[in-house]
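The structure displayed is predicted, hence computed values, not measured ones.
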Protein chains: 2
Amino acid sequence: MASHAHDHEQCISEALGSAERVCAQRGARLTPLRKRVLELIWESHEAMKAYDLLDRLGQEGGSAKPPTVYRALDFLLAQGLVHRIESENAYVGCRHPERTHEFQLLICDDCRHVEEIAVSGVTEALGKHAKKQGFTVTSQTVEVHGQCPSCRDRA
Amino acid sequence: MASHAHDHEQCISEALGSAERVCAQRGARLTPLRKRVLELIWESHEAMKAYDLLDRLGQEGGSAKPPTVYRALDFLLAQGLVHRIESENAYVGCRHPERTHEFQLLICDDCRHVEEIAVSGVTEALGKHAKKQGFTVTSQTVEVHGQCPSCRDRA
DNA sequence: ATGAGTGTGTTATATTGTAACGATAATATT
DNA sequence: AATATTATCGTTACAATATAACACACTCAT
């Protein structure tokens with residue numbers, strides 16, 4: 001268990017609560033299936049893979065197949081409730097689904113813990129440089145790999 | 001054809017030349033197969049997929065199978081001769097294989113042209129932020145998606 | 001109630017990537 | 001030069017990730 005200590009029960013319930021809230025606001029339907037997938041993703045702060053979600057759903061009696069999970073993920077991504085980690089083919093919950101935002105991810109290659117950060121200036125610097133050469137930015141993927149404090153201490 | 005105008009024949013030959021050079025320096029073996037894969041990647045400045053490389057190799061008479069391509073790519077990545085584009089599962093040639101370096105990629109979602117850039121401050125800002133929270137950085141993936149000038153003009 | 005849109009189940013398949021083993025070629029050691 | 005060692009390559013099989021296409025059920029606005 002990661003020692004990024006916090007009350008994780010509360011963490012999950014806050015995440016689900018704010019998901020309900022933003023979906024209600026937008027008229028988006030957070031169905032039981034979608035909510036369950038989001039809950040599974042929030043079971044940890046680690047990168048979660050689609051087929052792991054699939055296995056978990058399968059264990060719960062249902063007959064889960066890939067499209068079930070990928071469709072739920074598509075919805076959650078569209079609502080900003082989760083982020084996709086491109087360099088891992090994995091997913092992680094987002095605490096700030098209220099509005100789209102630029103962000104960066106710190107990914108621990110030992111324990112797979114993922115931390116969402118917002119480093120001031122990064123988005124702007126990239127945007128400015130792109131603009132200077134006539135490139136119109138629509139999205140950014142910024143993923144930093146390394147070792148988190150807990151794993152470093154353990155070693 | 002992208003209108004990022006330049007003499008592409010020369011561009012390829014420079015890339016292959018510097019590949020030969022750095023491999024010779026390091027005692028790394030740029031075999032005919034590896035060189036051919038690198039050459040195929042440099043046929044354009046666009047994101048190239050592993051299975052497209054596989055098809056090209058197949059057309060040349062040989063019996064190319066996935067491990068052939070992936071092993072060549074592993075070598076080229078290890079030597080810094082190509083970069084992997086995580087958000088595309090694709091590969092692009094690198095002009096600066098002499099030493100490892102942090103870089104960012106501008107990826108046109110219309111024409112798939114990829115431009116390697118080095119925005120001053122981005123790596124440092126990310127590193128600084130990571131360090132402040134005790135995170136040790138080993139690598140960064142920075143990929144900016146959008147529309148390149150040529151595609152914007154065309155539209 | 002009905003028709004349009006949305007969500008889910010299901011089958012099948014596409015795409016991306018590796019493990020493992022043997023054959024061959026390059027390099028190093030004697 | 002002959003042999004040992006390692007690196008590279010070919011091949012088979014398969015694992016992991018993701019999507020297309022169609023059927024059916026549900027919602028809800030008319």
Q: Could you give the NZ-to-C1' distance, from B:Lys65 to C:dG22, as a whole number of Å?
A: 14 Å
Q: Can you check whether B:His145 reaches A:Val137 side chain to side chain, under 4.5 Å on heavy atoms?
A: no
Q: Check the distance between D:dA25's C1' and A:Arg29's CZ and give it to me in whole angstrom.
A: 11 Å
Q: Strictly under 6.0 Å, is that where the ring centroids of A:His96 and A:His83 end up?
A: no
Q: Taking atom P of D:dT17 as reference, at what distance in whole Å does atom CD of B:Glu86 sit?
A: 14 Å
Q: OP1 or OP2 of D:dA16 versus the side-chain N and O atoms of A:Lys49: is any pair under 4.0 Å?
A: no
Q: Under 4.5 Å between side-chain heavy atoms, counting indirect links through other Ile/Leu/Val/Met/Phe/Trp/Tyr residues: same cluster for B:Tyr91 and B:Ile117 or not?
A: no
Q: Roughly, in whole Å, what's the span from CG in B:Asn89 to P in D:dT19?
A: 10 Å
Q: Record whether the side chain of A:Arg71 comes under 3.5 Å of the base of C:dG9 through a donor-acceptor pair of N or O atoms.
A: yes
Q: Does a side-chain N or O of A:Tyr91 approach OP1 or OP2 of D:dA18 to a distance below 4.0 Å, or not?
A: yes
Q: Less than 4.5 Å apart, any side-chain heavy atom of B:Glu143 and any of B:Glu86?
A: yes
Q: Mind calculating the distance between OH (A:Tyr70) and P (D:dA20) to the nearest angstrom?
A: 13 Å
Q: Is any side-chain nitrogen or oxygen of B:Thr68 closer than 4.0 Å to OP1 or OP2 of D:dC9?
A: no
Q: Taking for each residue the nucleotide of DNA chain C with the nearest heavy atom, is it A:Ala72 or A:Pro66 whose nucleotide lies nearer the 5' end?
A: A:Ala72
Q: Tell me: CZ of B:Phe75 to P of D:dT8, nearest whole Å?
A: 7 Å
Q: Report yes if the ring of B:Tyr51 lies under 5.5 Å from the six-membered base ring of C:dT15 with planes under 30°, and no otherwise.
A: no
Q: Please determine, for the side chain of B:Leu33, which listed nucleotide (C:dT8, D:dC9, C:dG17) has the closest atom?
A: D:dC9
Q: Look at B:Glu98 together with B:Arg21 and state whether they make a salt bridge at an N to O cut-off of under 4.0 Å.
A: no
Q: Does A:Thr31 or B:Arg84 map to a spot on DNA chain C nearer the 5' end, using the closest nucleotide for each?
A: A:Thr31
Q: Nearest whole Å is fine: how far is C:dT6 P from A:Arg34 CZ?
A: 11 Å
Q: In whole angstrom, give the distance that lies between atom CG of A:Leu77 and atom C1' of D:dT17.
A: 15 Å
